Protein chains: 2
Amino acid sequence: MTTATVSSRHFILGLLAQKPMSGYDIKHFLKSLGWLIGSPSFGSLYPALHTLLRGNLVTVKVLLREGKPSRKIYSITEAGREALTEWINQPAKSSAPLKAFVMRLILADNFSPIGLTAYLQQRRAQVAAHHASLEKTGGAMDEEINLGQRLALDYGLALAFAELAWLDSTLNRLSQPLPEEVVQGDSVTSIV
Amino acid sequence: MTTATVSSRHFILGLLAQKPMSGYDIKHFLKSLGWLIGSPSFGSLYPALHTLLRGNLVTVKVLLREGKPSRKIYSITEAGREALTEWINQPAKSSAPLKAFVMRLILADNFSPIGLTAYLQQRRAQVAAHHASLEKTGGAMDEEINLGQRLALDYGLALAFAELAWLDSTLNRLSQPLPEEVVQGDSVTSIV
DNA sequence: TCACTCATGTAATTGGTTACATGATTAG
DNA sequence: CTAATCATGTAACCAATTACATGAGTGA
């Protein structure tokens, strides 16, 4: 019955599945994505790595380097890959916030090319539902709303709308995979 | 030096500043905003209310109702309002995630009409910086990126772009406040 | 009668941040 | 010589979720 939202530890595992890294590496990789995900503090990152290690989902190799501090490179194990696929394959729970969506997105294609489309479609349905419910609330609160509330609602609608647009165009692109150069065309931000 | 990110308790306080409510009310109001903010569980909501009460930032009145369960209506106190304005007025720290932005947005205009514009402009700068940094990372990772990472990046860019568009159009609207009907025009989602 | 909404709360546990501690190397 | 980056870690603390407990009323 373990409700499966352990995420962050699994996500780290997923990054290690792509290539072996040190805690420091992970931190900086995540940092480079800005606040799309937000990188965990070392205070949670290192313990997470230790936990994965205790569970035999990863292994470490210590890299001693002359003059420089030594690094601990973590690699995923077979058991780790299994645990990961299991996590990836269970459907994201519907109230999944932004972060969770992107986390899975980054990893999703590594573990089932078909699953990616399904995942995006699932997300589309959720965002659409969210959008609809915001619109409903917007209609319901006619009297006694203040500017802030109206703005927040409007903001939410705008972002949901933009996300839907992105999902549609992405799903579209994925369904017509031109053999050469699949996703290269850089600015897909063609909401214009 | 207390770094000021107590947020959630302050946010609840802010909601009570708009009108007296029960814990149940708060929960449902937040729920109506979908995952824009996400409503806290009762397990954190009620204790938060108790804490505010102990700090004399709010007062309670118990509403006994024949046949129906009684409700506890919380109202903000003068001390509460002071604490709140103080919180509202301190600048949002730059890594502020989505949630924090919307929380403040909902409350901001109640406590300084000028501050709202400043707040949006501040946000604009942050989002622009975020967008730029994503673009930089996108350029940097030419070799050995996988589809998921590319998609995540693209997604981030699209959303940041949409947010910038919303911020610009909103700042624009706010700067030309037609006396009648300030923000009524419902679909401002004119990114088209 | 069964399930659901209304309405409040507590306790156990998890997950995370902040702050602290260490220590070498490099760039200004 | 000072600050920053590289690199790892622990301990104290905080915030939040989950699960539990209670209890009345409403609608199928």
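Treat the numbers as computed from the prediction; the structure is a model and nothing was measured.
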K.L.:
With the side chain of B/Ser22 defined as its heavy atoms from C-beta on, choose the nearest nucleotide among C/dC6, C/dT8, D/dC6.
P.N.:
C/dT8

K.L.:
Salt-bridged, B/Asp154 to A/Arg173, with N to O below 4.0 Å?
P.N.:
yes

K.L.:
Whether B/Lys19 and B/Asp25 form a salt bridge (side-chain N of Lys/Arg under 4.0 Å from carboxylate O of Asp/Glu) is what I want to check.
P.N.:
no

K.L.:
Each nucleotide in nucleotides 20-28 of chain C should get exactly one letter: B, S or -. Can you fill that in based on protein heavy atoms under 4.0 Å?
P.N.:
---BSS---

K.L.:
D/dT18, C/dC6, D/dT17: which one has an atom nearest the side-chain heavy atoms of B/Ser44?
P.N.:
D/dT17

K.L.:
With distance as the sole test, does A/Thr137 use its side chain to make a donor-acceptor pair with the main-chain N or O of B/Ser32 at under 3.5 Å?
P.N.:
yes

K.L.:
For D/dA15, does either OP1 or OP2 sit under 4.0 Å from a side-chain N or O belonging to B/Arg9?
P.N.:
yes

K.L.:
Between D/dT10, D/dC6, D/dT8, spot the one nearest the side chain of A/Phe42, thanks.
P.N.:
D/dT8

K.L.:
Does B/Phe11 reach a base, just sugar-phosphate, or nothing at all? Heavy atoms under 4.0 Å.
P.N.:
nothing

K.L.:
Side chain of B/Pro40: nearest nucleotide among C/dG9, D/dT17, C/dT10?
P.N.:
D/dT17

K.L.:
Do the side-chain N or O atoms of B/His50 get closer than 4.0 angstrom to the phosphate oxygens (OP1, OP2) of C/dT10?
P.N.:
yes

K.L.:
Are the charged groups of B/Arg123 and B/Glu163 less than 4.0 angstrom apart, N to O?
P.N.:
yes

K.L.:
Tell me which of B/Asp25 and B/Gly43 sits closer to the 5' end of DNA chain C, going by the nucleotide each one is nearest to.
P.N.:
B/Asp25

